[in-house]
Structures are given as C-alpha cells and as structure tokens.
K.L.:
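Structure provided below as structure tokens; questions to follow.
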Amino acid sequence: MELCFNFKLPKFLGGSLNSVSGKCLLLLVIALILRAVLLPTLSGVGGIGWNNFAYVHHRALSLPTSSGFEIRREKFLEVPQIVWGLNNQKIAFARACLTARMLNRTLLMPSLSASLFYKEVDLLQPISFDKVFQFEKFNTLCGGLGRYSDLLNQTQVLEMQKGSGRKWTVERDLDQIRDYGRDPFDQHEVIRIVGKNPFLWHDHWPVKDYAKIFECLVLVDEFAKEADRVISKIRGVKREGTDKVESLEDRISSGGSSNQPLPYVAVHMRIEIDWMIHCKKLEQRLNTTQICSSKKEIMERVGNIVGLKTPAVVYLAVADKLLNDSSILQGWNEGFLPFEKKKLGVDGIYSKYPYLIQSAIDYEVCLRADVFVGNSFSTFSSLIALERTQKMIRMGHNSMCGTNLRWPSYAYNIAAESNGPMKWATNMSDSSLKAVSYGTDHISCSPYTSSDA
Ligand SMILES: *[C@@H]1O[C@H](CO)[C@@H](O)[C@H](O)[C@H]1NC(C)=O
Ligand SMILES: *[C@@H]1O[C@H](CO)[C@@H](O)[C@H](O)[C@H]1NC(C)=O
Ligand SMILES: *[C@@H]1O[C@H](CO)[C@@H](O)[C@H](O)[C@H]1NC(C)=O
Ligand SMILES: *[C@@H]1O[C@H](CO)[C@@H](O)[C@H](O)[C@H]1NC(C)=O
Ligand SMILES: *[C@@H]1O[C@H](CO)[C@@H](O)[C@H](O)[C@H]1NC(C)=O
C-alpha cells in the first residue's frame, strides 16, 4: 500500500495532465471518492512546477555536510500545510527545510496531513509534525526547526507568493528565494510562503541534501513500537508449517534459539486497479513497458532473485483492504512464505490509525526488511530504496552490485538477469530529486563513487 498518494502529476515531459495515483491502504472509501470526486478538482493544482526538468546544477547550494553552519533563530519561515501521501509529505517537508536554510531562517514546524484528502479542508486532518516525528531529535540531527511559541512579534509577517504556470521557471523561482533573502524582505521576522504545497515547488537541491534530512526524521516512540510489533511478528514466522506465526510465548517456551528467524523480503506490490490505470497511461506517455507489473510478474521476479536464501518470508505491503484479494497469497515459488497484514494478524495494529501513520509503520517494515522489492515509479518504493542505499553507504559499501550485501533493494518492474528484478540503489550523486519523486526506469546498483563519499 503505498498508503500512497493520489495526486495530479503536472505536465511531465510535455504530456497532458495525468494522475499519479496511489492507493491508500485500507481506505477503499477514500479511494472511491478520490476517483469520483476529487480527481477532477485536482486538475487545477498543477500544470506547473514540473515542466522544466532541465535542471541547472546548483551544486553551490548544497548544504555543508560538516557541522558548524548556523541558522538564525530569530527569523522564521512558514510554509503551507503539507499534504498527500507519506512520502510526498516527507519530500515536501525536506524541500521546505532546504528553502528555509537557503533563506537562513528557522522553519516553523509545519502541519502534516493524516488523511489523503486535501481539497476538503475539514477532511484534511492536519497533524502536527511532532505527533509523527521526534521534534528534538530532528533538531539535534539536522537543526533549523522552530515552534510558533518562539515567535516574538506575529505582526511582522511578509507573504511570499510562489509563482506558478509555465513561465515560472526554475531560475525565476531561485531568484525569488534569493530576493527574499535580502533586505527589505529579510527584515521581517516571518516570511510566509503562500500558494502551492512544497511538493510542487521547483527543486534546487541535490539528492544528498534531501537524504540527510530524511535521516533526521525519526518516528515518535508510539509508532516506532508498532512497527517493532509488526516486524517481530514477521520474524516469528516458523520455518516449517508455512502458515504459523510463532508468538513470543511460543518462542520462549521452545527455548528461543532453536530457530533462527527466517530472512524476510518486503514487497511493495502496486497492483490496485487505480494504479494499473495510471501506470498504463504513464507507459504510453513515456513509451516504455517497464512501469506496470502484474501480480504474476511480481511473483516470478521476486522468485528469481539471485542468491536469495529460502525459505524466506515475503511480507506483502499491499492495500489489502482495497484489493480484498487473497490470491496474492497464492502462486509463490516454493520456499517463499507470503504474508499480508491479515494473515500475519497485524491488521488490528494498522486499523487503529489514520492512513499517514499506517503508511509510516509500513515504511519502517519495508525499510528494515532483509530484502526490499518495489516499483521504481512509486514514491513510496523510491524513498525506501534511497534510505536503504544510505544505510549501505554507511556500512562502507561503495558498490551495491554484489550478491551478498546486506539491505539490497530491487525494482520488480524492470527485468534483470534470469528474469529477476533489477538491483536498485539510488544515485546519491544526482543533482535533483526528480527520479525519486516521479520515478524512473534508469536504475542501477552502483550509485556511488568513492570520491563522493
Ligand atoms: C546565517 O546568519 C548568521 C547570522 O547572520 C550567520 O552567522 C550564518 O553564517 C548564516 N548561515 C548561513 C547558512 O548562511
Ligand atoms: C511588532 O511589530 C510592529 C510592526 O513592526 C511594531 O509596531 C510593534 O511595536 C512590534 N511589537 C513588539 C512587541 O515588538
Ligand atoms: C517507442 O519505443 C520503441 C522501442 O523502444 C521505438 O521503436 C519507437 O520508435 C518509440 N516510439 C516513439 C514514439 O518514440
Ligand atoms: C472482502 O472479502 C471478504 C470475504 O472474502 C468480505 O467479507 C468483505 O466484505 C470484502 N470487503 C470488501 C471491502 O469488499
Ligand atoms: C548519477 O548521477 C550523476 C549526476 O547526475 C551522473 O553523472 C551519473 O552518471 C549517475 N550515475 C549513474 C550510475 O546513473
């Protein structure tokens, strides 16, 4: 489940507006309403923003990676509420942080959105950033985030209207930010950006800057513990008896160590009907056949991962309430033990929470899997691949191509040797986040040269 997102992808490579649709886990009703009601209203959102992929390489703008640069604590930036799917929200948040840093201003903690709705204000369910991610931790690791209570004089607010439309180029956007970094604008205590949500702003930063901010986003304990519970259920799947989930008590009574946990493969399966409609359109527009994968193709490719030791547990991250299709549990190769939330007995954990939190829990489960397999045109999958690439880099790998590395990720929508899924590591040297935000079929496993490290 990409507890994903539904939004209008503005013009991309010159095509007509199309929706990048995600489906949100467990939210059948929302999905139906989105299709029936919301999508038409979204056409107004974009048409802007992503016309221009010819990015100037603003390397000079990258953040210093060492410590020792200071952000002013008495000047603030306020941004519009952050909306859409979890990963769109993470990207939007990071972009807001990077904009604030460029203005040398503290970012006023923005609201995230617990639900997918965003045109219906009363359904938007704003949720404070610090209800989801640890505020202090973020500031310790990354810095630059402030609270409204830090404000001295709320009357000194200057509004900055983000431009839009075809003529609002990357360069104009950058000029605007630079202008607002100078007097007289800079004298205002607060600059409030109005207009489009930050996901749709132009991008001026390299992938590495975003990656650093994603690393500073740590879930609050309550949700981190829920993710631990799900993972411990997965780790408790017994070797024999493919359907059994061993409880903690079972493990203790059986002496614990008799069975090492099986490796688990998390598969972010995008096969919901909305996604299929969307991805077919995208395939046509991009003249490729490497975006949509059927259930059968996903099972086959996951079954062909070179060097994967079986038996292995397969955790299916799917919008199962939406899909309502137990057939995803059938047809796996021998040695693959497929589980979705219900079979694992964790649907109760998820159903307590709004979609944003469900998505955040599933994100953790995928992030920490021994092997992750996703779709390279999904933002959810792409951010997981990025964070896993970061982990591997921190473990000292310069090439992600080997077969015995920890934390490998794969894209099932692109075939590799023996009809397995393509090894996937984010290109950390990329000069913009475009490939991560909007998907790509140019993926590879050696993203990093040692000179970058
Ligand atoms: C921000 O402003 C402070 C005070 O003027 C300055 O010391 C600091 O170097 C600036 N930081 C950046 C990143 O420009
Ligand atoms: C707040 O700003 C306004 C306008 O600049 C000014 O007139 C007022 O005295 C300020 N109030 C405080 C408490 O600083
Ligand atoms: C689409 O791709 C195919 C095969 O890669 C190529 O032969 C064809 O010319 C392409 N069509 C367009 C319109 O680019
Ligand atoms: C899903 O299937 C189950 C039984 O297979 C049925 O009871 C339930 O109503 C279905 N849910 C939806 C949302 O279609
Ligand atoms: C990664 O991105 C950089 C900068 O855009 C590019 O020069 C390089 O070829 C890319 N590497 C791979 C493996 O695609």
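The first residue of the sequence shown is numbered 1, and numbering continues consecutively from there. Numbering of ligands and ligand atoms starts at 1, following listing order.
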K.L.:
Measuring centre to centre across the rings, with the benzene-like ring taken for any Trp, is Tyr180 within less than 6.0 Å of Phe185?
P.N.:
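For Tyr180 and Phe185, the ring centres are under 6.0 Å apart.
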K.L.:
Any nitrogen or oxygen of Asn427, side chain or backbone, less than 3.5 Å from one on ligand 5?
P.N.:
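By distance alone, the answer is yes.
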K.L.:
Parallel, tilted or perpendicular, judged at 30° and 60°: which one describes the rings of Phe372 and Trp424?
P.N.:
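The arrangement is tilted - the two ring planes meet at 30° to 60°.
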K.L.:
Tell me whether Arg147 is salt-bridged to Asp130, with the criterion being a basic N under 4.0 Å from an acidic carboxylate O.
P.N.:
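Yes.
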K.L.:
Need the ligand 1 atom indices (1-based, order shown) with element for anything under 4.0 Å from a heavy-atom of Asn104.
P.N.:
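Selected atoms, number and element: 1 (C), 2 (O), 3 (C), 8 (C), 10 (C), 11 (N), 12 (C), 14 (O).
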K.L.:
What protein heavy atom sits nearest atom 14 (O) of ligand 3, and how far away is it?
P.N.:
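Nearest protein contact, heavy atoms only, for atom 14 (O) of ligand 3 is Asn287 ND2, 3.1 Å.
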K.L.:
Is there a protein heavy atom less than 4.0 Å away from atom 7 (O) of ligand 3?
P.N.:
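False for atom 7 (O) of ligand 3.
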K.L.:
If you compare the SG positions of Cys97 and Cys142, is the separation below 2.5 angstrom?
P.N.:
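A disulfide is absent here, as the SG pair of Cys97 and Cys142 is separated by 2.5 Å or more.
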K.L.:
Protein heavy atoms: any of them under 4.0 Å from atom 4 (C) of ligand 3?
P.N.:
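So atom 4 (C) of ligand 3 lacks protein heavy-atom neighbours under 4.0 Å.
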K.L.:
Heavy-atom contacts with Glu70 under 4.0 Å: which atoms of ligand 1 show up? List them by number with element.
P.N.:
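Near Glu70, the atoms of ligand 1 are 1 (C), 8 (C), 10 (C), 11 (N), 12 (C), 13 (C).
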K.L.:
Are Phe199 and Tyr438 near enough that their ring centres are under 6.0 Å apart?
P.N.:
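Yes, ring centres under 6.0 Å apart.
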